[in-house]
Amino acid sequence: MILKSAARAAAISTAILAGMVTAPGQASADTTGPVVSEIGKIRTDTGLELTADIDAPAGVTSVTATITAGTANVPDTFVSTVTDFHLVSGTATSGAWQSSGALGLDIYAGYRVAITAQDSQGTVSLPGRGMLDYRPTPVFHDTAYEPTALSFEHQDINVTGRLTEYDPASGDTGTPWQTTAATGVFVTWDGHTSPRNATAADGTFAFTVHPGDVQNTTLHVFVPATTTYAQGPDSEPITSVDSPVRITLDHTGSTGALVGSTQVISGTAERQQEDGTWVPLANIPLPIQDNTGTRATWATTDATGRFSQTVTVTNETTIWTVSDTRPFLTPTSVSYTVANPVAKVSLYANKPAVDAYSRLHISGYLTVPGVWWPSGGRVYIQQSNDGHTGWTSIGSTTIDTSDNGFAASVLTVTNPHGYWRYYYPGAPGFTAAYSPVVHAFRYQTAISGGKPSSTRVAKGHTVTISGTLKQNGYGYWTPLPKATVQIFFRPSGSSTWHLITSAHTSSTGYFAAHPTITRSGTWRVVYKTPDQVHVNAYGPMVRVTAI
């Protein structure tokens, strides 16, 4: 089938095949034969047709396309051959070729395409290959974007148009293309994507997008098809106009304010219209940011453009910047400076204690002359082995705003004869601080060994559990003699520990016990200190299977 008219040719839209050629077809006999490349498809008003770019020094005499099954809904035995190709541009030695008439495929599906060319010397090229998506696809009509010039008063763009279905078998585009919101029309611009919108029963669509503050951008309309995206016409360049803004403060700052007191930042925000008139910038949030970047708040203008926000004075000179961040407003900012406030934090720790379970009990308080401590403050408990070096944080606690005290902390420590202090890292308006160092003492204890001599023992036989109990006061370990260790047993399937026997340590701290195995379970040696100067120690938990 031949193109019927120039008008028909002008209506053609092109698209490259979904699966591009893996390699151009080479000449089958020598390098001077035909080479097939750029396999493609083209829409016409009578259906899809195939295209190929072919170079042949001897001149192309015939072109053949073989179409076979590409997806599961086409029988594997399917084969269709297209030989009616004609030259549409270039020459027989280097030109573009197009099939004539619709392809006549009965099933909407994916197909494999192989195109070969023969030249005047009888040389046949290797096939150029690709994948043909042969399914109805959407076509955009009458797409419009209004307005194309945005301003503070007009920040939305209305997108309208109509979608119809292109039938690859007949070339018909009269049937409306209907979609749901999940698969409908959407718009992209500058890396942004609008929500999808369903089409009406007649294929029309109408929705609004809010591009934000854009300048010389372009909107692109799309709709998902079966395997690809169908793109409609782009918008004209979208431009925007920013309105001048002025922010006037009632006061520009203060000097010598107390830390923890409050300051009111207030003023008026206005916007200039196109005729030069200044009008209130009404109901607009204005960000207020301090110069450290750690504190921020907002003040919202009222109907007259007035705004007011209260900020807390910190212990450093702080410059607060009030600005506008709304789209289509000229960036404008003013500063409010709180100069030279001073406050000093002092921390104190009460005498700590360590119990038999190596738990540290510690509390304290702080003072900040002349100010109230803000809620949510937190101090950290630090530990050192010698009270001078190697300080590490082992916990934290909050500050009671009613009396500036610290709730008593109970922390398990690795060194029961250590040194401790409180540390406050500081915050805007408050200095960092350390408390004086405090000390508590208990000997650290440890059990080495403590494992059963065997983990599989015949019922009625004994097992030996032995080890050494040690103590550490100031930097070195020594035996803990004449102490009692307890041997506990927890039967398999139970959560209850049972005291089975005890053993006493020798002058070297050595102990040994010989319990009888009656059933499977877990054994553990425990030292429970009987005095106020040691802490408990625990051996490993070891399962013994009774056989």
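Start at 1 with the first residue, then count along the sequence.
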Chi angles and distances behind the side chain to side chain contact (heavy atoms under 4.5 Å, CB included) call for S243, Q272: CA-CA 6 Å; S243 299; Q272 189 176 37; 5.9 Å; no

CA sep, side-chain torsions, deciding dist, call: Y424, S435, side chain to side chain contact (heavy atoms under 4.5 Å, CB included): CA-CA 9 Å; Y424 175 65; S435 74; over 6 Å; no

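- Within 6.0 Å of atom CD in Q231, more than 12 heavy atoms from other residues, nucleotides or ligands are found, so the atom counts as buried in its surroundings.
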R306/D250 under salt bridge (Lys or Arg N to Asp or Glu O under 4.0 Å): CA gap, chis, key distance, verdict: CA-CA 10 Å; R306 292 286 302 167; D250 298 331; 2.8 Å; yes

Residues T179, T183; criterion side-chain hydrogen bond (donor to acceptor under 3.5 Å, both in side chains); working and verdict: CA-CA 6 Å; T179 66; T183 61; 4.8 Å; no

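- Residue pairs meeting the salt bridge (charged side-chain N to carboxylate O under 4.0 Å, His left out) criterion with at least one partner in residues 177-199, sequence neighbours excluded, are absent.
- More than 12 heavy atoms of other shown residues, nucleotides or ligands fall within 6.0 angstrom of atom NE2 in H210.
- Evaluation of the side chain to side chain contact (heavy atoms under 4.5 Å, CB included) rule for V334 yields I247, L249, V322 as partners, not counting sequence neighbours.
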Evaluation steps, side chain to side chain contact (heavy atoms under 4.5 Å, CB included), between I284 and F152: CA-CA 12 Å; I284 295 299; F152 186 80; 4.1 Å; yes

Criterion side chain to side chain contact (heavy atoms under 4.5 Å, CB included) on M541 and R524, from CA distance to verdict: CA-CA 5 Å; M541 293 187 290; R524 190 177 202 185; 3.4 Å; yes

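- Counting heavy atoms of neighbouring residues, nucleotides and ligands inside a 6.0 Å radius, atom NE2 of H154 does not exceed 12 of them.
- For the salt bridge (charged side-chain N to carboxylate O under 4.0 Å, His left out) condition, the pairs that include at least one residue of residues 150-161, sequence neighbours left out, are E153-R271.
- At distances below 3.5 Å, not a single donor-acceptor pair connects side-chain atoms of N340 with backbone N or O atoms of T255.
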Derivation of the side-chain hydrogen bond (donor to acceptor under 3.5 Å, both in side chains) call for T321 and S323: CA-CA 6 Å; T321 300; S323 58; over 6 Å; no

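- Using a distance-only test at 3.5 Å, with no hydrogens or angles considered, no donor-acceptor pair links the side chain of T239 to the main chain of A149.
- Other residues, nucleotides and ligands contribute only 12 or fewer heavy atoms inside 6.0 Å of the OH atom of Y443.
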Working for side-chain hydrogen bond (donor to acceptor under 3.5 Å, both in side chains), residues T398 and R378: CA-CA 4 Å; T398 56; R378 181 169 291 274; 5.3 Å; no

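- Looking only at distances, a side-chain donor or acceptor of T445 sits under 3.5 Å from a matching main-chain atom of V535.
- When the side chain to side chain donor-acceptor pair (under 3.5 Å) test is applied to T294, the partners found at least two apart in sequence or on another chain are T292.
- For the side chain to side chain donor-acceptor pair (under 3.5 Å) test, no residue two or more places apart in sequence or in another chain qualifies with Q444.
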Result block: side-chain N/O donor-acceptor pairs under 3.5 angstrom for residues 459-468, not counting sequence neighbours:
unit_1 : atom_1 : unit_2 : atom_2 : d
T464   : OG1    : H514   : ND1    : 3.1

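- Listed by first then second residue, pairs satisfying side chain to side chain donor-acceptor pair (under 3.5 Å) with a partner in residues 481-493 read T484-H504, S492-R543, not counting sequence neighbours.
- With N197 contributing its side chain and G184 its backbone, the two residues share no donor-acceptor pair below 3.5 Å.
- By the side chain to side chain contact (heavy atoms under 4.5 Å, CB included) test, Q289 pairs with A296, sequence neighbours left out.
- Partners of P479 by side chain to side chain contact (heavy atoms under 4.5 Å, CB included), not counting sequence neighbours: none found.
- Between the side chains of D386 and S384, at least one donor N or O sits under 3.5 Å from an acceptor N or O.
- Contacts of R295 classified as side chain to side chain donor-acceptor pair (under 3.5 Å), with partners at least two apart in sequence or in another chain: none.
- When the ring-ring contact (aromatic ring centres under 6.0 Å, His included) test is applied to Y419, the partners found at least two apart in sequence or on another chain are H439.
- For F406 and Y422, the ring centers are positioned less than 6.0 Å apart.
- For T218, the side chain to side chain donor-acceptor pair (under 3.5 Å) criterion is met by no residue, not counting sequence neighbours.
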Worked verdict on Q309 versus T297 for side-chain hydrogen bond (donor to acceptor under 3.5 Å, both in side chains): CA-CA 8 Å; Q309 182 57 275; T297 185; 3.2 Å; yes

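- For F441, the CZ atom is densely surrounded, since the number of other residues' heavy atoms within 6.0 Å is greater than 12.
- Between the side chains of W420 and Q383, a donor-acceptor pair is found at a separation under 3.5 Å.
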